[in-house]
Amino acid sequence: HGPEYRRQWRKLHIGIDAKTLQIRAVQLTTNNVSDSQVLGDLLNQIPQDEQIDSVYTDGAYDTKQCRQVIADRQAHAVIPPRKNAKPWKDTKSSSLERNELLRTVKRLGRTLWKKWSGYHRRSLVETKMHCIKLLGDKLSARSFQSQVNEIHTRVAVLNRFTELGRPLTQ
């Protein structure tokens with residue numbers, strides 16, 4: 001998630017491809033929508049026939065619903081458990097996997113787990129969000145739909161910049 005366009009009370013959520021650094025999913029929401037509520041919508045923007053290897057998110061997405069939508073796409077969830085996390089009691093595979101993660105984080109410590117899991121890749125999203133902010137921290141459009149269009153335009157510009165700036169290796 002990213003900049004809150006304070007005048008309009010909006011939050012921007014993005015998903016990027018870690019290999020190409022292209023923004024692949026965008027969702028602008030009102031401020032009262034939690035981060036975890038948008039994950040399914042973000043993942044649905046990626047065509048179903050396209051393989052998603054891993055989904056890296058922050059602890060706000062440590063919910064059964066988020067882990068389930070990631071599992072539904074046959075992707076690996078890389079989500080740190082919340083600081084006060086307790087084991088989940090159900091026996092769904094996504095819950096058992098999360099409980100194992102909880103034990104691992106307690107055993108290794110959060111810092112070592114982040115290093116071991118590749119969690120640092122999530123910083124690519126933070127960097128891309130910073131780029132969006134460089135195009136302006138406020139939206140000029142007034143209506144919600146116009147703001148959505150404005151965000152999509154910014155994303156298209158950034159994706160083109162990213163494409164032009166990547167070295168072509170053969």
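Residue-environment remark: NZ (Lys92) stays at or below the threshold of 12 foreign heavy atoms within 6.0 Å.
Between Val78 and Arg121 there is no side-chain heavy-atom pair separated by less than 4.5 Å. Arg24 places a side-chain heavy atom less than 4.5 Å from the side chain of Pro47. Asp58 places a side-chain heavy atom less than 4.5 Å from the side chain of Arg122. Leu108 is not listed as a side-chain neighbour of Lys114, based on a closest heavy-atom distance of 4.5 Å or more. Side-chain atoms of Arg10 and Ile151, non-hydrogen and from C-beta on, never get closer than 4.5 Å to each other. Looking at Glu50 and Asp17, their side chains never come closer than 4.5 Å, going by heavy atoms from C-beta outward. You'll find the side chain of Leu42 reaches within 4.5 Å of the side chain of Gln45, heavy atoms only.
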Between Leu124 and Lys19, is the side-chain contact (heavy atoms from CB on, under 4.5 Å) condition met? List the steps. CA-CA 10 Å; Leu124 296 171; Lys19 289 185 187 87; over 6 Å; no
Should Asn149 and Gln145 be marked as a side chain to side chain donor-acceptor pair (under 3.5 Å) after you check the CA-CA gap, both sets of side-chain angles, and the distance that decides it? CA-CA 6 Å; Asn149 293 341; Gln145 189 53 54; 3.3 Å; yes
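Taken from CD1 in Ile70 to CD in Gln65, the straight-line distance is 10.5 Å, to the nearest 0.5 Å. Distance CD/Gln147 to CG/Leu139: 5.0 Å, rounded to 0.5 Å. Atom CG of Leu158 sits about 6.0 Å away from atom CD1 of Ile132, to the nearest 0.5 Å. With rounding to the nearest 0.5 angstrom, the CD atom of Gln37 is 11.0 Å from the CD atom of Gln27. The NZ atom of Lys64 lies 4.0 Å from the CG atom of Asp90; values are rounded to the nearest 0.5 Å. Between atom CD1 of residue Ile79 and atom OG of residue Ser117 there is a gap of 11.0 Å, rounded to the nearest 0.5 Å.
Both Leu135 and Val125 are assigned to one and the same hydrophobic cluster, defined by single-linkage of ILVMFWY side chains at heavy-atom distances under 4.5 Å. Two different hydrophobic clusters hold Ile52 and Tyr56 under the rule that ILVMFWY side chains link at heavy-atom gaps under 4.5 Å.
The two residues Ser36 and Ala60 come nearest to each other via the heavy atoms CB-O, 3.8 Å. Nearest heavy atoms, Glu100 versus Arg107: OE2-NH2, 4.2 Å. In plain terms, the two heavy atoms of Pro80 and Arg110 that are nearest each other are CB-NH1, 3.5 Å. Taking each heavy atom of Ser94 and Gln68 in turn, the nearest pair found is OG-OE1, 3.5 Å. The minimum heavy-atom distance between Leu101 and Pro81, with the atom names listed, is CD2-CD, 3.8 Å. Annotation for Arg98 and Arg67: closest pair CG-NE, 3.1 Å, computed over non-hydrogen atoms.
Just one residue in the list Thr153, Val26, Leu28 forms a side chain to side chain contact (heavy atoms under 4.5 Å, CB included) with Val148, and that residue is Leu28. Of the listed residues (Ile23, Ile16, Leu12, Leu134), just one forms a side chain to side chain contact (heavy atoms under 4.5 Å, CB included) with Met129, and that residue is Leu12.
Here the side chain of Asn99 pairs a donor or acceptor atom with the backbone of Trp88 at under 3.5 angstrom. At least one donor-acceptor pair closer than 3.5 Å links the side chain of Arg73 to the backbone N or O of Ile46.
Screening residues 117-146 for ring-ring contact (aromatic ring centres under 6.0 Å, His included) gives Trp113-Tyr119 as the qualifying pairs, with residues at least two apart or on separate chains.
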